[in-house]
Number of protein chains: 2
Amino acid sequence: MVPKNNQEPLLNKDCPLRQVINIIGDKWTLPVLYVLTQGTKRYSELQREIPGISKKMLTQTLRKLESDKILRRKVYPVVPPKTEYNLTTFGDKLIEPLCVLADWAEAHQDELQMICDRRNQSK
Amino acid sequence: MVPKNNQEPLLNKDCPLRQVINIIGDKWTLPVLYVLTQGTKRYSELQREIPGISKKMLTQTLRKLESDKILRRKVYPVVPPKTEYNLTTFGDKLIEPLCVLADWAEAHQDELQMICDRRNQSK
DNA sequence: ATTTTTGGGAACCATTAGGTAACTATAGTA
DNA sequence: TACTATAGTTACCTAATGGTTCCCAAAAAT
């Protein structure tokens, strides 16, 4: 009898945790999600509220999250264009465990900053 | 991720949460950390227990985590070489909030798998 | 008549991440 | 004598990520 492939869920590079990290790990995904926790936003609002993001990256990030069904995109056929974005219920649920990590990160802000500084210095 | 005060520690691309993601977001970091939660491991043990990792990536991942003080590297001056790795207390602490995310990810395994499948399909 | 507004798309480039293969040293073993 | 085990290093290549700049339409405002 072949042993059941009960692979450790945290071991390999396709584990669920890794999948989450892949989904939200892009440079601009967290800022976008964060702004959307404040409610429905238009494209231009997102761009204004996320310092440094370019149109290309904003569009790219939004489209990816839309196809992941983490957010919803609603286009109004008017001119000039109007598009609204808001989190799906799945997006809302995803936010919760991220908050835990975010709280930990805030609590360890100084250590994290030191790590990042050390990395930038050694480059 | 819920706004707490007038600060915006989760908004910009250098926020603490983003810093954590940067630190543990590399392809092989989570598998390495996971194996090390089982205790001290030698280089060859890590390589055996992490399917698919190459020597180059294992070394690279370990060195980065060492300079981040997430793990400790102990070299025995013998031949053939012997090197042991284990988590620091900071590494141990880092694991905890990641477990919360990992638990959520496991609970939503199916949805996550669908997202990843859809992404791979559209490529 | 011209500019502004909005939500993009397309082309192009630079940087980074990650993968493969070959090479290293030295003691012990067959 | 040749081979194995260990813990790497190096050079080279490709793919993915992210950034910049320019282009678009059509109505409204100046």
Side-chain angles (χ1 to χ4, degrees), chain A residues 12-14 18-19 21-32 35-36 40-68 71-86 116 119-123, chain B residues 12-14 18-19 21-32 35-36 40-68 71-86 116 119-123:
Chain A
N12 72 79
K13 61 189 191 324
D14 295 322
R18 182 109 279 287
Q19 291 180 331
I21 302 291
N22 279 342
I23 290 168
I24 57 87
D26 299 297
K27 184 166 179 181
W28 298 105
T29 296
L30 290 174
V32 166
V35 172
L36 287 180
T40 298
K41 296 281 176 179
R42 295 186 59 175
Y43 183 93
S44 53
E45 291 178 295
L46 285 161
Q47 196 177 6
R48 261 193 301 277
E49 294 178 34
I50 301 171
I53 197 168
S54 67
K55 288 163 164 240
K56 177 193 164 188
M57 291 314 296
L58 180 54
T59 301
Q60 200 174 103
T61 304
L62 289 169
R63 290 297 153 85
K64 200 168 280 186
L65 290 173
E66 185 198 4
S67 95
D68 293 344
L71 57 77
R72 215 174 287 115
R73 176 167 174 262
K74 189 169 182 185
V75 181
Y76 296 85
V78 295
V79 76
K82 176 176 176 180
T83 316
E84 281 180 352
Y85 296 90
N86 64 305
C116 294
R119 286 194 175 190
N120 292 331
Q121 187 188 355
S122 71
K123 273 193 302 195
Chain B
N12 72 80
K13 61 186 191 324
D14 296 322
R18 183 109 279 287
Q19 291 180 330
I21 301 291
N22 279 343
I23 290 168
I24 56 88
D26 299 297
K27 183 165 179 182
W28 297 104
T29 297
L30 290 175
V32 166
V35 172
L36 287 181
T40 298
K41 296 280 177 179
R42 294 185 60 174
Y43 183 92
S44 54
E45 291 178 296
L46 285 160
Q47 197 178 5
R48 261 192 301 277
E49 295 177 35
I50 301 170
I53 196 168
S54 68
K55 288 161 166 246
K56 177 193 163 189
M57 291 314 295
L58 179 54
T59 301
Q60 199 174 103
T61 305
L62 289 168
R63 291 295 153 85
K64 200 169 280 186
L65 290 173
E66 185 197 5
S67 96
D68 293 344
L71 58 77
R72 216 173 287 114
R73 177 167 173 261
K74 189 169 182 186
V75 181
Y76 296 85
V78 295
V79 75
K82 176 177 177 180
T83 315
E84 283 180 351
Y85 296 90
N86 65 305
C116 293
R119 286 195 175 191
N120 292 330
Q121 188 189 354
S122 70
K123 273 192 301 192

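The shown structure was predicted, so the numbers you read here are calculated from the model rather than taken from an experiment. The chains referred to below are lettered A, B, ... by the order of the sequence lines, with proteins before strands, and numbering in each begins at 1.
Nearest heavy-atom pair across B/Gly25 and A/Ile21 is CA-CG2, 4.0 Å. Here the closest non-hydrogen pair linking B/Ser54 and B/Gln47 is C-NE2, 4.4 Å. When all heavy atoms are compared, the tightest approach of B/Ile24 to A/Arg18 is O-NH2, 4.0 Å. When all heavy atoms of A/Arg42 and A/Pro81 are compared, the pair lying nearest together is NH2-O, 3.3 Å.
Judged as a salt bridge (Lys or Arg N to Asp or Glu O under 4.0 Å), the pairs with a partner in residues 46-62 of chain B (not counting sequence neighbours) are, in order, B/Lys41-B/Glu49.
At whole-Å resolution of the value, NZ in A/Lys64 and C1' in C/dG8 are 17 Å apart. Between the C1' atom of D/dT20 and the CD1 atom of A/Ile53 lies a distance of 15 Å, rounded to the nearest Å. In this structure, CD1 of A/Ile50 is placed 14 Å from P of D/dG18, rounded to the nearest angstrom. Separating the CZ atom of A/Arg18 from the P atom of C/dA17 is a distance of 13 Å, rounded to the nearest angstrom. In this structure, A/Asp26 places its CG atom 17 Å from P of C/dT16, rounding to the nearest Å. As a whole-Å value, the separation of A/Lys74 NZ from C/dT6 C1' is 18 Å. Atom-to-atom, CD of B/Gln60 to C1' of D/dG8 comes out at 13 Å; the value is rounded to the nearest Å. Nucleotide C/dT6 holds its P atom 16 Å from the CG atom of A/Leu62, rounded to whole Å.
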Heavy-atom protein contacts under 4.0 Å, nucleotides 20-30 of chain C, coded B base, S sugar-phosphate only, - none: B-----BS---

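Screening A/Leu36, A/Thr29, A/Val35 against A/Val32 for a side-chain contact (heavy atoms from CB on, under 4.5 Å) leaves a single residue, A/Leu36.
At least one side-chain heavy atom of B/Ile23 sits under 4.5 Å from a side-chain heavy atom of A/Arg119. Taking 4.5 Å as the limit, every side-chain heavy atom of A/Thr61 sits out of range of all side-chain heavy atoms of A/Asp26. Side chains of A/Leu46 and A/Leu62 form a contact here, defined as non-hydrogen atoms less than 4.5 Å apart.
Close to C/dT16, at under 4.0 Å from its OP1 or OP2, lies no side-chain N or O of A/Arg119. For C/dG7, neither phosphate oxygen OP1 nor OP2 lies less than 4.0 angstrom from any side-chain nitrogen or oxygen of A/Arg48. Checking the phosphate oxygens (OP1, OP2) of C/dG8, a side-chain nitrogen or oxygen of A/Arg63 falls inside 4.0 Å. Proximity of A/Tyr85 to the phosphate of C/dG8: a side-chain N or O atom is located under 4.0 Å from OP1 or OP2. For C/dT6, the OP1/OP2 oxygens have no side-chain nitrogen or oxygen of A/Arg42 closer than 4.0 Å. Side-chain nitrogen and oxygen atoms of A/Thr83 include none within less than 4.0 Å of the OP1 or OP2 phosphate oxygen of C/dT6.
Taking the screw axis at each terminus of the helix from C/dA1-D/dT30 to C/dA30-D/dT1 from five consecutive base pairs, the angle between the two is 20° to within rounding of 10 degrees.
Checked against C/dG19, D/dG8, D/dA7, the side chain of B/Arg73 finds its nearest nucleotide in D/dG8.
The OH atom of B/Tyr85 sits 7.0 Å away from the CD atom of B/Glu66 when rounded to the nearest 0.5 Å.
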